[in-house]
Amino acid sequence: MPDSFAPDAPDTQGVLDALDDPDCRTIIERIDGPMTATEISDACDIPLSTTYKKLALLTETGLLDRRARPRADGRHVARFVLAFGEVRIGLDETRSVNAVVDRWERSPADRPSDPWSEAGEET
């Protein structure tokens, strides 16, 4: 796991919705290193169609990262990893509720070198 965090201010309601969802919390608790949607579905005992919806929510809120790796046949497989170490909910100076997600900093090796590398993925 990375050693440092990068603070991020995501959509507060999205983070709260994801953390309020029992399936999303189960995914967060059981994800163990880079895992495909199928592996996550099996580990969490959640139907694959539901898993895809929850992975989309977790990725959109910045709680998971989606990574693409090429396969021998030239296609890509998506793997998901935890992207945070801490979520803080608090009030800002206007007394509005906000969320701050301390995301793991991605090393250059973890960033896609090709902007199209995430296209055409499958589990």
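Small disclaimer: the values here were computed from a predicted structure and weren't measured.
Rounded to the nearest 0.5 Å, atoms CD1 (Ile27) and OG1 (Thr51) are 5.5 Å apart. Within the model, atoms NZ of Lys53 and CG of Leu48 stand 11.0 Å from one another, a figure rounded to the nearest 0.5 Å. For the atom pair CD1 of Ile31 and CG of Leu58, the computed distance is 8.5 Å after rounding to the nearest 0.5 Å.
Take Leu57 and apply the side-chain contact (heavy atoms from CB on, under 4.5 Å) test, not counting sequence neighbours, and it matches Ala18, Cys24, Thr61. Checked against side-chain contact (heavy atoms from CB on, under 4.5 Å), Ser96 has the following partners two or more places apart in sequence or in another chain: Asp92, Thr94. Annotation: salt bridge (Lys or Arg N to Asp or Glu O under 4.0 Å) contacts of Asp17 (sequence neighbours excluded): none. Listed by chain and number, the residues in a side-chain contact (heavy atoms from CB on, under 4.5 Å) with Val87 are Val15, Leu19, Leu63, Phe84, Ile89, Val101 (sequence neighbours excluded).
A heavy-atom distance below 4.5 Å is found between the side chains of Asp102 and Arg88.
Scanning all heavy atoms of the two residues, the minimum distance from Ala83 to Gly62 falls at CB-O, 3.5 Å. Taking all atoms of both residues into account, the shortest heavy-atom contact from Leu55 to Ala37 is CD1-CB, 3.7 Å.
Within the structure, salt bridge (charged side-chain N to carboxylate O under 4.0 Å, His left out) contacts touching residues 19-36 (residues at least two apart or in different chains) are Asp21-Lys54. Applying the salt bridge (charged side-chain N to carboxylate O under 4.0 Å, His left out) rule to pairs touching residues 37-47 yields Glu39-Arg79, sequence neighbours excluded.
Both Phe80 and Leu82 are assigned to one and the same hydrophobic cluster, defined by single-linkage of ILVMFWY side chains at heavy-atom distances under 4.5 Å.
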